[in-house]
Structures are given as C-alpha cells and as structure tokens.
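Please read the structure below before turning to the comments.
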Amino acid sequence: MLDIKLIRSNPGKVKEALEKRKEKINLDEILKLDQKRRELLLEADALKEKRNTVSEEIGKLKREKKDAREKILAMKETSTKIKELDAQIKEIEEETAKILLEIPNIPHESVPVGEDEKDNTEIRRWGEPPKFDFTPLPHWDIGEALDILDFKQGAKIASARFTVLKGMGAKLERALINFMLDLHTNEHGYKEIFPPFLVNSETMTGTGQLPKFESDLFKCENGLYLVPTAEVPLTNLHRQEILNDDDLPLCYTAYTACFRKEAGSYGKDVRGLIRQHQFNKVELVKTCRPEDSYDELETLTQNAEEVLKRLEIPYRVIVLCTGDMGFSAAKTYDLEVWLPAQKKYREISSCSNCEDFQARRAMIRYRSKEKEKVNFVHTLNGSGLAIGRTLVAILENFQQKDGSVVIPNVLRPYMGGLEKITR
RNA sequence: GGAGGGGUGGCAGAGCGGCCGAAUGCACCGGUCUUGAAAACCGGCGAUACGAAAGUAUCCGUGGGUUCAAAUCCCACCCCCUCCGCCA
C-alpha cells in the first residue's frame, strides 16, 4: 500500500512511477476522496469537541442536581449530526482503502524501465552449461524413464498440474528441502519456522495477494486460503506489531508446500514439473530497518545463489524491469537456472525488496532507538529455492548417456550416500 | 461439536455510565548517587488521524445499538483458556 500522504503531496511523481509499470491508475478519484475526507473530519472533530465539553457540563449540573434539559436537547441534535458525518467519513475511508489496496508498489530508481521480460537485464552468470555428447532429454522423459516422476498418477488422483514423486525422486525432493534449510540456518543465520499452510484473508491482504489476486488462490470453505508461498505466513508473523530496534533484522526461513491456481497460464509449461498447482519451496524472509533494506536484498540474493553454487548448477541473475515486477515489489532479482533440454535459463528464485509496501498493509512497525519514533519496517523475500524446479535442474544438468542421473556431491549425505539414480 | 471462563497500553493487572487514554507493578529512556555497574531515589514513557504549530479528535478483541455522555449497559461475531466428546 502506498502512503496517501505521498500521493497527496506528489501525485505527478507517483503517477509517473506507476506508468513505468504500465499501470494505468487514475489518482484523481483518490485525491478527491482524500480531500473530502479531511474536510468532513474537520467538521466532525469540531462537533465532537463541542459535545465533549457540553457533556462534561451536563455531568456537573446533574451532580449538583441542577436542570440540564436544555443542554441535553441541544446535544441530541449535535449527536445526530456527528453520526451522519461519521458515516460519511467511514464510507469515504472504505472507498479509499479499496482503491489504495489495488495500487502496486513504486519501483526503485535503480530498476530498469521496460515492458516485459524481454527488458529484464542480466547482472551476472555463474558456472558453465554442461556439454553433452548426446541429445539431452527434458526432465519429464528422464523422470518417467527412471520411474521417479509420475504425471499420470498425479492427474488421476488429483488433476493436471499435479505430480507424484516416487522412490529416489521423492527422496531427492526431501534431500533438497533439508539441504537448503540446513544451509540457511547453519551458515546464513536464518531462523527456521514451520508455519501453517492455511492462512486467513487479513494475512493474504498483508502481503498483497488480496484483494487483487484472489483468483490465483485456492480458498477453503471455512474462508481460509492455501498459501501460495511461505512469504505470506512468514511476513505476517509480526503483523500489527511494533518491533524493537535491537531485534532487527529478523531473518526467517521456512519450508512449505505452495498452492497456486495458475489461472491464466493455460498452455504454458503444461509438461513436467515447472508449473504445478502444488510445489515445495524453501523461502527466505527478512524484516529490517529501511536504511538497510537494499544491502539486505543483496545478501538475501547471495544466500539463494549459494544453494545453486553448492549444487553446481549453472545460473544467472537478472534484475526485473518495471513492467515485469510483482505487485508488492520495489526491486526484484530473479535467479535463473540453465535447462539443457530447453537450452534456456528458467526462473528458480525471485528475490524482492518490498520496502514499506507490505509493512504498511500489515502494520509492521518498529521503534527507532535514536529517534524514539515509530516507523514502518521494510520487508524482503526470496525463494531459497523452489524445490521442484531445482529437481528439474538436477535431472537435466546431471543426466548421463545411459539415462541415469548423478547426484550432486552436497546432496549425497542426504541420500544415504547414493551417488547416482539408476533404473 | 457441547458446557463454562475470559479478551484493557511492550508485559502483568485495576477500573461506581460523566472527574478514564485509563490506577499500580514490571520493562524501557533520562537524571542523581558511584571509579564503573547494580541497588536506591527523582523525572519521563501508547498509537493513529487532521494541523505549519498550538492543539483537537479517535482508539480498552471486532462490528452494531442504547445514551447528552460507553472500557463500563444491550446485541451479534471473532479469538484465547478450562472441561467433555471426536480424532492424526
């Protein structure tokens, strides 16, 4: 959520920034509402002040057993007027909130301006794409041949975009989760959290999934939603709290299953594990002081990169352009892994600084030691990493001519010492 | 699912419809004392909105209602705790 004061004081700049995201938003209406609200507030406050003083006088008269009927009658009228004004103010505030909750974040000045993914810019590359003396297969072929991925069974027991992992495939998935959590907790200083996979609508609103993106979410009949990412529960852990300066930054990591409807992605990545309704992910979330957030974004991104380095999977880092960024983000780095069968880099992690956008929605604040002032924190999140896509990268990059797949060194302790998955 | 109890400031915990934004304790901040710290003593100490400021208004789980006036009375909902039932 943007600061209404920012919109009020600098509507031109806000509009310009939002246009960089190719977002057409009319700020006139919200400015008009804001103006009206302040006028009504002034009027209502004056009447309330009057009511407060007169009510006190009435109390005094009554205690002295004097007649207060005239004042009471006059206040009855004032009270009615106040009620009317309050109702109007409330309506305007609801209307304002409705608009404000649908406006995306303003991009950071360092973000390249662009239309869509073709305007994202590469920052760095790591590792060499492997050379094969045979035609590398896509992971779905490798997985089915090894009998570790079963797309048919997934479709049978659930629907399309669900997959069953079997045998060493299931174990590899589990190994990846454990390896990543161990790395982030033991070496990167994150605290491990195991949150609920279902959350309420306030929580979804706090991080920006609601109200605008309800159609992307699975909703239960009791009103709870399945989490689309652990970013949601982790960031909301401190919703409506005022945090202590000394406790920042808070660094959390969590494994959760993630659930997405993938509405609007018909025909995209229909084969394989790339785009599923349910997938596993280890997430990184930081809550920090505003002045630290861009440094924290760099280290968070490096923490995610470290996973790929240890797994020896080639990747590149790109910075998303203004037109390709998510709703809540001010700046986003994507990590993309090399997939030999597609001969392409594909997204495996997205690391964002949301600045105070989510903090303002979720009312996450901290008390600054020096200034003795309450202020919004900045929130960051990143995948560290998406498990299913990491499994894809391993299958495709470490495939052998005989159809087997070599297990990356760091995962072997998690696989009971297994070096290779064979039929 | 059934029965009972309860939601007040960072925490604990008072609160006759008007003198309650709210006692008190702890925590925290500043000061005195001390070589330094602790203790003791003195002082300060919620958030939000509007406003240049002074200030004014609002907030006692949430939403409605009664009243000139609600933390306090009424209604609905949510959450927590205890007991019973069911269950991994």
Side-chain angles (χ1 to χ4, degrees), chain A residues 1-10 30-101 194-206 210 219-225 233 236-248 250 257 287 356 359-377:
Chain A
M1 195 160 68
L2 300 183
D3 188 356
I4 184 71
K5 285 179 193 153
L6 178 73
I7 299 176
R8 191 190 298 153
S9 65
N10 218 332
I30 203 162
L31 287 168
K32 222 165 72 192
L33 286 169
D34 180 52
Q35 180 64 32
K36 185 77 187 159
R37 172 179 173 269
R38 284 186 294 158
E39 282 166 16
L40 291 173
L41 209 53
L42 215 63
E43 199 180 334
D45 278 7
L47 287 177
K48 283 177 185 175
E49 184 182 2
K50 188 172 165 201
R51 182 180 67 183
N52 285 344
T53 51
V54 175
S55 285
E56 227 165 284
E57 288 166 20
I58 291 170
K60 201 187 257 174
L61 286 176
K62 289 221 162 179
R63 259 174 280 128
E64 290 165 0
K65 305 265 190 246
K66 289 183 186 158
D67 181 43
R69 257 179 297 179
E70 198 177 317
K71 282 178 194 272
I72 287 175
L73 210 64
M75 279 309 99
K76 206 163 197 152
E77 220 170 292
T78 308
S79 245
T80 312
K81 182 73 187 155
I82 288 172
K83 226 168 243 182
E84 281 169 24
L85 287 169
D86 274 350
Q88 278 184 63
I89 290 166
K90 196 183 165 207
E91 197 180 324
I92 286 175
E93 284 179 346
E94 281 169 1
E95 192 62 33
T96 308
K98 214 163 128 191
I99 298 172
L100 227 41
L101 286 172
F194 198 101
F197 291 5
L198 295 179
V199 298
N200 56 34
S201 63
E202 289 82 358
T203 298
M204 284 294 187
T205 306
L210 288 181
K219 188 179 187 177
C220 304
E221 34 81 77
N222 63 358
L224 296 177
Y225 296 85
N236 277 283
L237 246 25
H238 298 289
R239 177 153 49 84
Q240 284 170 342
E241 287 184 16
I242 298 175
L243 299 164
N244 202 328
D245 204 352
D246 301 328
D247 298 334
L248 300 177
L250 294 163
T287 302
D356 64 3
R360 183 168 271 118
R361 289 174 159 250
M363 289 291 281
I364 311 167
R365 295 171 292 172
Y366 79 106
R367 196 182 303 275
S368 155
K369 243 209 177 101
E370 312 84 58
K371 297 173 219 152
E372 266 298 306
K373 247 191 77 181
V374 171
N375 199 7
F376 289 109
V377 297

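Below, all heavy atoms of this structure are taken into account, side chains as well, without hydrogens, waters or symmetry copies. By convention in this document, chain letters (A, B, ...) are assigned in the order of the sequence lines, proteins followed by strands, and residues within each chain are numbered from 1.
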In whole angstrom, give me the gap between the P atoms of B/A70 and B/C60. 11 Å
Phosphate oxygens OP1/OP2 of B/C68: is one of them under 4.0 Å from a side-chain N or O of A/Lys71? no
Any side-chain to backbone donor/acceptor pair from A/Arg360 onto A/Leu2? Under 3.5 Å, distance only. no
For atom CD of A/Glu93 and atom P of B/U48, their distance in whole Å: 15 Å
For A/Arg38 and B/G51, is the shortest distance between a side-chain N/O and OP1 or OP2 below 4.0 Å? yes
A/Lys5 side chain: which of B/A49, B/G63, B/C68 is closest? B/A49
Counting side-chain heavy atoms from C-beta on, which of B/A57, B/C68, B/C50 comes nearest to A/Arg37? B/C50
Expressed in whole Å, how much space separates the C1' atoms belonging to B/C11 and B/C45? 15 Å
Contacts of A/Ala46 and A/Met363 projected onto RNA chain B by closest heavy atom; the upstream (5') one is A/Met363
CD1 of A/Ile242 to CG of A/Asn375, rounded to nearest 0.5 Å, is 11.0 Å
For B/C50 and A/Arg8 - does any side-chain N or O of the residue sit under 4.0 Å from the phosphate oxygens OP1/OP2? yes
Using a 4.0 Å heavy-atom cut-off, does A/Lys62 contact any base of the nucleic acid, only the sugar-phosphate backbone, or nothing at all? base
To the side chain of A/Val374, which of B/C68, B/A49, B/U48 is closest? B/U48
For residues A/Ser55 and A/Asn52, is any side-chain donor paired with an opposing acceptor at under 3.5 Å? no
Of the listed nucleotides B/G64, B/U66, B/A57, the one nearest the side chain of A/Lys90: B/G64
Atom pair distance, as rounded to whole Å: CG in A/Leu40 and P in B/A49: 18 Å
In terms of side-chain heavy atoms, does A/Glu39 have a donor or acceptor partner in A/Gln35 at a distance below 3.5 Å? yes
Mind calculating the distance between CG (A/Asp86) and P (B/G65) to the nearest angstrom? 11 Å
Closest to the side chain of A/Arg51, out of B/U58, B/G18, B/G63, is B/U58
Partner of B/A57 by Watson-Crick or G-U wobble geometry, both contacts under 3.5 Å, or none? B/U48
When the P atoms of B/C41 and B/U24 are compared, how many Å lie between them, rounded to an integer? 15 Å
For atom CE of A/Met75 and atom P of B/A69, their distance in whole Å: 10 Å
B/U66 OP1/OP2 closer than 4.0 Å to side-chain N/O of A/Lys83: yes
If you check every side-chain atom of A/Arg367, which of B/U66, B/C68, B/A47 has the closest atom? B/A47
Roughly how far apart, to the nearest Å, are B/G2 and B/C86 at atom P? 15 Å
Which of these nucleotides, B/A57, B/A47, B/A49, is closest to any side-chain atom of A/Glu49? B/A57
Counterpart base for B/A40, defined by Watson-Crick or G-U wobble contacts under 3.5 Å: B/U32
Taking all atoms of both residues into account, what is the closest heavy-atom pair of A/Asp67 and A/Leu61, and its distance? O-CD1, 3.8 Å
B/A53 to B/G65 separation - C1' atoms, rounded to the nearest Å: 39 Å
Testing the basics here: between A/Leu248 and A/Thr287, what is the closest heavy-atom pair and its distance to 0.1 Å? CD2-O, 3.7 Å
Is any side-chain N or O of A/Asn52 closer than 4.0 Å to OP1 or OP2 of B/A57? yes
Which base, if any, makes a Watson-Crick or G-U wobble pair with B/G25, both distances under 3.5 Å? B/C11
B/U66 pairs with, by Watson-Crick or G-U criteria that keep both distances under 3.5 Å: none
Using the C1' atoms only, state how far B/G15 lies from B/C20, rounded to an integer number of Å. 8 Å
Sidechain-backbone polar pair: A/Arg361 side chain, A/Leu101 backbone, donor-acceptor under 3.5 Å: yes
For A/Leu85 and B/C50, give me the distance from atom CG to atom P, rounded to whole Å. 17 Å
When the distance from CD1 of A/Ile242 to C1' of B/C45 is rounded to whole Å, what number comes out? 13 Å
When you measure from the side chain of A/Asp356 to the backbone N and O of A/Phe376, does any donor-acceptor pair fall under 3.5 Å? no
Between A/Phe376 (CZ) and B/U48 (P), how many Å, whole number? 8 Å
P atom, B/C59 versus B/G21: distance in rounded Å? 10 Å
Watson-Crick or G-U wobble partner of B/G4, both distances under 3.5 Å: B/C81
Separation between the C1' atoms of B/C73 and B/U66, rounded to whole Å: 8 Å
Grab the CG-P distance between A/Leu47 and B/C68 for me, whole Å please. 16 Å
Which residue lies toward the 5' end of RNA chain B, A/Leu73 or A/Leu42, if each is placed at its nearest nucleotide? A/Leu42
Look at the side chain of A/Ile72 and decide which nucleotide, out of B/G63, B/U58, B/C68, has an atom nearest to it. B/C68
Is there a side-chain polar atom (N or O) of A/Thr78 under 4.0 Å from OP1 or OP2 of B/C68? no
